[in-house]
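Each remark here refers to the structure printed beneath this line.
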Number of protein chains: 2
Amino acid sequence: MQVRMKNRKDQIITLALELLQTRGFDSFSYQDLSRELGITKASIHHHFPKKVDLGVALCESIKRWHDREYAKARAIDGGALDKMNYYINTALRTVCGIDKICPLSSLHADMATLPEEMIRVMKKLDVEELEFMAELLQEGRDSGEFNFKGSIEAQAVLCVMIYKGALQYSRIHGDQIYIDAMQQLNILLRGEQEAQGKSARSA
Amino acid sequence: MQVRMKNRKDQIITLALELLQTRGFDSFSYQDLSRELGITKASIHHHFPKKVDLGVALCESIKRWHDREYAKARAIDGGALDKMNYYINTALRTVCGIDKICPLSSLHADMATLPEEMIRVMKKLDVEELEFMAELLQEGRDSGEFNFKGSIEAQAVLCVMIYKGALQYSRIHGDQIYIDAMQQLNILLRGEQEAQGKSARSA
DNA sequence: GTCTATAAATGGATAGAC
DNA sequence: GTCTATCCATTTATAGAC
């Protein structure tokens with residue numbers, strides 16, 4: 001599956017990220033990593049002495065992923081909806097596959113048991129994601145592509161909750177619920193306009 | 001805090017539910033329960049031999065809570081929005097307080113590690129919640145109180161994702177994000193109408 | 001960087017006395 | 001229904017050899 005090309009540290013992070021998204025930070029162990037990588041627990045401890053070290057590395061990895069995907073989305077040749085679509089339905093959807101949730105959602109759920117260091121980064125990642133959404137919403141509203149009511153900030157909050165929730169629910173109830181949620185989000189953003197034809201039907 | 005009036009079994013369930021909402025099913029132990037209740041682990045095992053037994057009891061408790069609150073909401077003397085408001089902003093918001101998430105959201109996050117028995121009930125609870133939302137949305141649309149676009153089912157999915165997400169985010173980022181999300185949900189449901197005055201401003 | 005070995009603590013669980 | 005005592009597996013973590 002994975003073309004053994006990265007160094008061990010990156011291999012561990014890649015696998016740990018996957019386990020974070022499927023089981024949660026508390027619910028995967030050094031033993032899980034050791035088994036799947038074919039090295040001992042002690043070796044993992046060599047790269048990440050304490051689990052919190054691994055946790056912080058995971059947060060940093062998520063941060064890099066975010067920055068990379070925000071940049072790719074911004075570079076999309078198209079409107080705000082195209083950019084948002086790329087981020088949600090290509091970028092996020094791809095790292096989640098059929099059985100994983102957004103890594104940030106996973107951290108949210110484990111909040112009460114996470115070390116303080118991880119909480120701080122997690123909060124920052126949340127804020128950055130909301131700012132990115134707000135940026136796209138502003139762009140879409142300015143261009144006339146979007147027609148939602150209410151403040152940009154409140155709408156950004158709504159968007160994030162919807163697509164993260166859709167990923168969580170689709171893991172349990174299958175693809176259709178994700179499709180439903182995304183289609184409804186589309187309608188919601190476009191406001192008065194039609195979903196497909198963009199043909200304004202002003203009463 | 002808790003007026004020692006219920007039997008042990010109920011005391012355990014009450015506390016376990018709280019721990020489920022704060023830490024997640026995998027991340028609280030018989031030891032946690034034992035410590036806070038002042039009885040030994042062995043005593044807890046007497047009431048719930050295996051943890052899955054406790055888990056199933058928790059699911060059943062959530063189910064009873066749901067049925068009770070759905071009934072109370074339906075009995076509200078008012079429109080669909082009042083009923084929805086009761087369920088979300090009174091019932092759910094109260095059991096979550098400032099530091100807890102919706103118990104069903106907690107189970108969602110732990111999905112990969114939960115025993116099959118719990119998954120089955122969890123799915124059923126999800127479906128029932130979506131049906132309840134759909135019922136309120138239908139009522140509101142019929143009465144003209146709501147003006148959202150798209151199918152009832154898709155909109156129900158959206159609502160659930162929004163209020164559950166709002167509870168998760170507010171635990172991390174404080175009340176304001178919850179208020180923002182709820183206000184935006186309100187606007188979204190009323191559609192063309194104004195949020196407060198209900199004065200139709202049909203262009 | 002990886003291993004063996006091992007420690008110390010925790011978690012789920014059971015047996016049997018009171 | 002609650003306790004003491006105990007078991008076994010797992011988890012995080014460290015020491016030290018190769």
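What you see below is based on every heavy atom in this structure, not just the backbone, and it leaves out hydrogens, waters and symmetry mates.
- Think of the region where chain A sits on DNA chain C: with heavy atoms and a 4.0 Å cut, that region ends 5' and 3' at C:dG1 to C:dT4.
- Checked for salt-bridge contact, A:Lys83 and A:Glu145 miss the test: no charged N lies under 4.0 Å from a carboxylate O.
- Within residues 23-35 of chain B, the residues that place at least one heavy atom under 4.0 Å from DNA chain C are, in residue-number order, B:Phe28, B:Ser29, B:Tyr30, B:Gln31.
- Residue-to-nucleotide contacts include a donor-acceptor pair under 3.5 Å from the side chain of A:Lys41 to the base of D:dT12.
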For side chain to side chain contact (heavy atoms under 4.5 Å, CB included), just list the numbers for A:Glu128 and A:Lys63, CA-CA rounded to whole Å, side-chain angles, deciding distance to a tenth of an Å, and then say yes or no. CA-CA 9 Å; A:Glu128 287 171 357; A:Lys63 158 92 172 137; 3.1 Å; yes

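- Salt bridge present: B:Arg35 and B:Asp32 bring a charged side-chain N and a carboxylate O closer than 4.0 Å.
- Residues B:Ala109 and A:Ala109 approach most closely at CB-CB, 3.5 Å, considering heavy atoms.
- With ring centers used as reference points, B:Tyr70 lies under 6.0 Å from B:Tyr87.
- Using a cutoff of 4.0 Å between basic side-chain nitrogens and carboxylate oxygens, B:Lys164 and B:Asp126 are not scored as salt-bridged.
- A:Lys50 has no side-chain polar atom (N or O) that falls below the 4.0 Å cut-off from OP1 or OP2 of D:dA13.
- Between A:Glu69 and A:Lys72 there is a salt bridge, since a side-chain N of the basic residue sits under 4.0 Å from a carboxylate O of the acidic one.
- Heavy-atom nearest nucleotides on DNA chain D were determined for B:His46 and for A:His45, and the one closer to the 5' end corresponds to B:His46.
- Defined by atom type and a distance below 3.5 Å, a donor-acceptor pair is present between the side-chain atoms of A:Arg8 and A:Gln11.
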